[in-house]
Each structure stands twice: as structure tokens, then as C-alpha cells.
Amino acid sequence: MSAHATPIPMIARRSPALTGVAQIPGDKSISHRALILGALSVGETRITGLLEGQDVLDTAAAMRAFGATVTRHGEGEWTVNGVGVGGFAEPAQVIDCGNSGTGVRLIMGAMATTPITATFTGDASLNKRPMGRITDPLALFGARAVGRRGGKLPMTLVGAAEPVPVRYTLPMPSAQVKSAVLLAGLNAPGETVVIEPEATRDHTERMLRGFGAEVSVEESPEGRVITLKGQPELTGQSVAVPRDPSSAAFPVCAALLVPGSEILVPGVSRNPTRDGLYVTLLEMGADITFENPREEGGEPVADLRVRHSPGLKGVTTPEERAASMIDEFPVLSVVASMAQGVTVMRGVKELRVKESDRIDAMARGLEACGVKIEEDEDTLIVHGTGRVPGGATCETRLDHRIAMSFLVLGLVSEEPVAVDDGGPIATSFPAFEPLMAALGARIERR
């Protein structure tokens, strides 16, 4: 079932050439952070290009519950009048974060060093996901968490009355954990240090500096050492949200696969900590050019011109690249199934604790469509032959990226590919259906 509604079965059929301009919505990761840092700032933050998917709308509602004034003025245009670092009020109701692991984990971090109590819940998918990876480091600041067995939501978090600074080494590559610790460190005295042995997306560090925090990043034998000076006064900013490279992945990959296609995807973030898919696609032989490179909102962006690429070859993605493309492996596995040769995706165990076990979900769906798959805990191997029989109905498991990936597959498989529920797509990419239809894709509700 969908998180908030009746299931929406969908089907994709072999498509004519995709053409036109794909206006991708704002980046989800940056949208979450803009709302949260705006709420922790003094004065007004003006945001343009905010993603208005359900995940981000749930974060906006949470910031209101903690006392910030959050106002929508038009499509993608929002303002946040913040309460300052340490100024969160205790919410009167349970905070429902819907499907968003990013939202709940960052919000927990933002409140963990303020002496208030809040209870968090989510949809059926989010309530299965592990929160110990967040609550363990937050406990070092002095916060206390009580949840269901296994450290799962619903969960009550009691913020630290007298927080202490923390030095924390990430046990796994996770931008969510890193960001939660940094946000908690805002209201702790002294310096909070996060060490990440493997680099993850750096939106939080960039945006913290933009709002006035003192953040330094140094390379060391241990990895990236990120140091935050606590108890700054953050000041409201103007934030232009670049377009989401994870959402762009779906029309980009579809255009690479559908014969005769050529599309333009303007203003996509090319942050090097998010660019792994595009690096990999180029290695496979994809015809993608990056036009008009520039900076928007402190992030490097470019316009992507994408053409059908019939000669794609299987590749091996190195483990150290996984963090920069962790959300794109599902759709990469679709591209791999249509390439010639074997594609080996290493270092992907984090996919098993996303909105679903994405390795298992993609493996089972691709097998049902006639693709040979191998997997272990940390690896997914796709044997590509340049053709996929299709003809299956794939389980999305309340996961938006699984749903969109199989719908892309259906555009090029020999028989249509259906998904049992496309409803979760609205959490991150509410314009997916009309955008793909405008390009010429044959995707419809059943």
C-alpha cells in the first residue's frame, strides 16, 4: 500500500523517442536543510526552487511545530522566520515525518541539544528503518531516546539540558548521520568534530557556512575531519535550491535507453559528492554533455544534454564511489540490464536500510523481468544483454525510487512493466508523471 492513500498501480510500455526539456524539481536534500537551518536562524530565510514533495512538506510542518514561521508564497517560493539556535519550542503534537528518513534524522539532530521533548513517527516504511545510527551519537551529547524494539519509530527524544561537544567517527558512510551530529553540535559549547572515513554529500557543511557557522574541513589519515564551532548565531539567508540530480536520473536514464531520444535537463546539481551516477554513465559510454556550468546557491550546476546511447557497456563501480550515488543504484541497475556485459555495483549495503531493502527489491523485480542477477550483502551484479523481456508486475515496497526505476525499464523492455503502487513517487518527485509524459514516455495509471 501507499503511505498515505490507496495504492496507485502503474504501467510503462515501450516508448517512442523522448524529446524536449525536462524541468527537474528542486534538490530534496538541500530543500530539507534549507528549512531546518532557516528555522535555526535569526531573521528571515527566503527559499526559491524548494521541492514540494511530501517528504519536504512534512519537514516544513515539523519546523512550524517547533516554533518557526514557515510560509509558502508561490510555487517553490517559501520563507522561514526562525527561532535561532537553541530556540526550538516543545511541539504540542507528535511529529509525523511520513516517508522521509532524511527529514526525521536531521530534525532529531537539530533538537537533540535543546531541553525539550518530541515524539516522532512516520509511515509504514519509515517505521521499519533503524534509528540507532542517529540516537547513538546523539546520546553522546546528552540526549535520550526511547523507541520500539530495535530502535525504531515511533520514538520519543528528550533533548540534552546541558549538552557537551562530541568527537564522532562515522561507522558507516551516511550524510544523514553526519548532518544530524553537526546540527546537534550547533547548540553545544566548544567544538563538535565529525570524522568520515569515506566522503558523503556535503550539503550540510556548505549550507552551515552560508548561514554563518564556522565549519572547517580537513583531510587526514582518518578521513575527512569536519569541525563545527558551537553556539553560533545563524542569520537568515536567501537560498536558491538547485535541481535534484537524483530525480534527474530517471529522465536521463530513460533518454539514454529509448532509441532516438534527445533531451535537455537544465540546472542540475553537479556537486562532486552527488555526481557518482553521471561519472558511471559516462564510463558505460553514455552520450551526456554538460553545458553552461555555473554556480547557484553555493552549488555547482550545469545543463545536461542527453542522447540515446545504444553502445552502453557493463562496468564495475568502485566501493569508494558508492556514497556519491547511493540513491541512484536502483535506476543504474535498470541501465545495466540494457547494457552489454556485466555491471558490478560494490559498496552498496547502505541500500538495504533505505525506504526498502533496495538491493532485494531491484533484484527480485529485475529477475521477474528476465534479467540475471547476483547479490550479496554489499554487492549487486547485473548481467546485461541489451534486451529485457519485461512483462512483470514489480513490488515497489513503499519506495519511490524503486517505482520510478521499474517504470523507466518498462519504456524499453519487450513487454510492458507494471508496478503495484506508484503512490510513493509523490514523496520526492510529484511532477514525475506529467514530466515524463511531456517528453513522450508511455507511462500510465492502470
Side-chain angles (χ1 to χ4, degrees), residues 29 32-33 36-37 39-40 55 58-59 62-63 65-66 85-86 88-91 93-190 192-197 200-201 204 226 228 230 323 326 349-355 357:
S29 295
H32 282 301
R33 288 160 172 81
I36 293 169
L37 286 175
L40 291 170
D55 281 2
D58 287 339
T59 293
M63 293 304 97
F66 283 106
V85 171
F88 273 0
E90 189 163 277
Q93 304 294 332
V94 172
I95 302 296
D96 187 347
C97 291
N99 189 246
S100 182
T102 300
V104 70
R105 289 170 175 151
L106 267 58
I107 295 165
M108 282 183 170
M111 70 144 284
T113 48
T114 302
I116 58 174
T117 299
T119 299
F120 297 88
T121 191
D123 68 8
S125 171
L126 186 60
N127 284 359
K128 294 177 182 177
R129 297 177 66 182
M131 294 297 146
R133 56 175 52 194
I134 293 293
T135 57
D136 288 350
L138 296 183
L140 301 176
F141 289 96
R144 294 183 293 113
V146 179
R148 290 193 300 126
R149 181 177 298 177
K152 296 176 182 177
L153 302 179
M155 177 175 286
T156 296
L157 185 64
V158 181
E162 297 182 2
V164 295
V166 163
R167 183 179 179 90
Y168 187 71
T169 299
L170 294 180
M172 78 293 287
S174 171
Q176 293 177 358
V177 176
K178 171 180 67 175
S179 299
V181 175
L182 290 172
L183 291 171
L186 283 171
N187 200 40
T192 288
V193 179
V194 179
I195 302 165
E196 52 176 5
T200 66
R201 57 185 67 177
T204 300
I226 306 156
L228 169 73
I326 197 67
K349 62 185 176 184
E350 190 70 10
L351 292 175
R352 295 200 182 274
V353 292
K354 289 288 188 176
E355 283 83 339
D357 179 342

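Atoms considered below: every heavy atom in the structure, side chains included; atoms not considered: hydrogens, waters and symmetry mates.
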Test of understanding: with side chain to side chain donor-acceptor pair (under 3.5 Å), list the residues that count as partners of [X], not counting sequence neighbours.
X	answer
T192	none
T114	none
T156	T119
R133	E350

Can you check whether V181 reaches P137 side chain to side chain, under 4.5 Å on heavy atoms?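 Contact flag for V181/P137 side chains = yes.
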Can you measure from [atom1] ([X]) to [atom2] ([Y]) and round to the nearest 0.5 angstrom?
X	Y	atom1	atom2	value
M108	T135	CE	OG1	7.5 Å
H32	T204	NE2	OG1	11.0 Å
I36	L186	CD1	CG	11.0 Å

Got a sec, which residues hit side-chain contact (heavy atoms from CB on, under 4.5 Å) with P171, two or more places apart in sequence or on another chain?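 By the side-chain contact (heavy atoms from CB on, under 4.5 Å) rule, P171 matches Y168.
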Just jot down the side-chain contact (heavy atoms from CB on, under 4.5 Å) partners of A160, sequence neighbours excluded, or say none.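 Listed in chain order: P163.
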Can you list every salt bridge (charged side-chain N to carboxylate O under 4.0 Å, His left out) pair that touches residues 160-181, not counting sequence neighbours?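 Qualifying pairs: R167-E222, K178-E196, K178-E205.
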Residue pair [X] / [Y]: nearest heavy atoms and the distance that separates them:
X	Y	answer
L157	A143	CD1-CB, 4.1 Å
L40	A110	CD1-CB, 4.0 Å
C97	I107	SG-CD1, 4.1 Å
G122	L153	N-CD1, 4.2 Å
A323	P173	CB-CB, 4.3 Å
L138	A184	CD2-CB, 3.8 Å

Residues in ring pair (Phe, Tyr, Trp, His ring centres under 6.0 Å) contact with F66, at least two apart in sequence or another chain: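 Once residues adjacent in sequence are excluded, the partners of F66 under the ring pair (Phe, Tyr, Trp, His ring centres under 6.0 Å) criterion are F88.
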Please evaluate residues I95 and V104 with respect to the criterion side chain to side chain contact (heavy atoms under 4.5 Å, CB included), reporting the C-alpha separation (whole Å), side-chain torsions for both, the decisive distance (0.1 Å), and the verdict. CA-CA 9 Å; I95 302 296; V104 70; over 6 Å; no
Residue list, salt bridge (charged side-chain N to carboxylate O under 4.0 Å, His left out) with R33, at least two apart or on another chain: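 Salt bridge (charged side-chain N to carboxylate O under 4.0 Å, His left out) check on R33 returns nothing, list empty.
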Does anything in residues 136-149 pair up under side-chain hydrogen bond (donor to acceptor under 3.5 Å, both in side chains), and if so which pairs, sequence neighbours excluded?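 Qualifying pairs, neighbours excluded: none.
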Pairwise side-chain hydrogen bond (donor to acceptor under 3.5 Å, both in side chains) hits with a residue in residues 101-110, at least two apart: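 Passing the test, one end in residues 101-110: T102-Q176, R105-Q176.
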Is there a side chain to side chain contact (heavy atoms under 4.5 Å, CB included) between M131 and L126? Walk through the geometry before answering. CA-CA 10 Å; M131 294 297 146; L126 186 60; 4.1 Å; yes
Walk me through whether V177 and I134 qualify under side chain to side chain contact (heavy atoms under 4.5 Å, CB included). CA-CA 6 Å; V177 176; I134 293 293; 3.8 Å; yes
Go through the steps for T121 and N127 under the test side chain to side chain contact (heavy atoms under 4.5 Å, CB included), then give the verdict. CA-CA 7 Å; T121 191; N127 284 359; 3.4 Å; yes
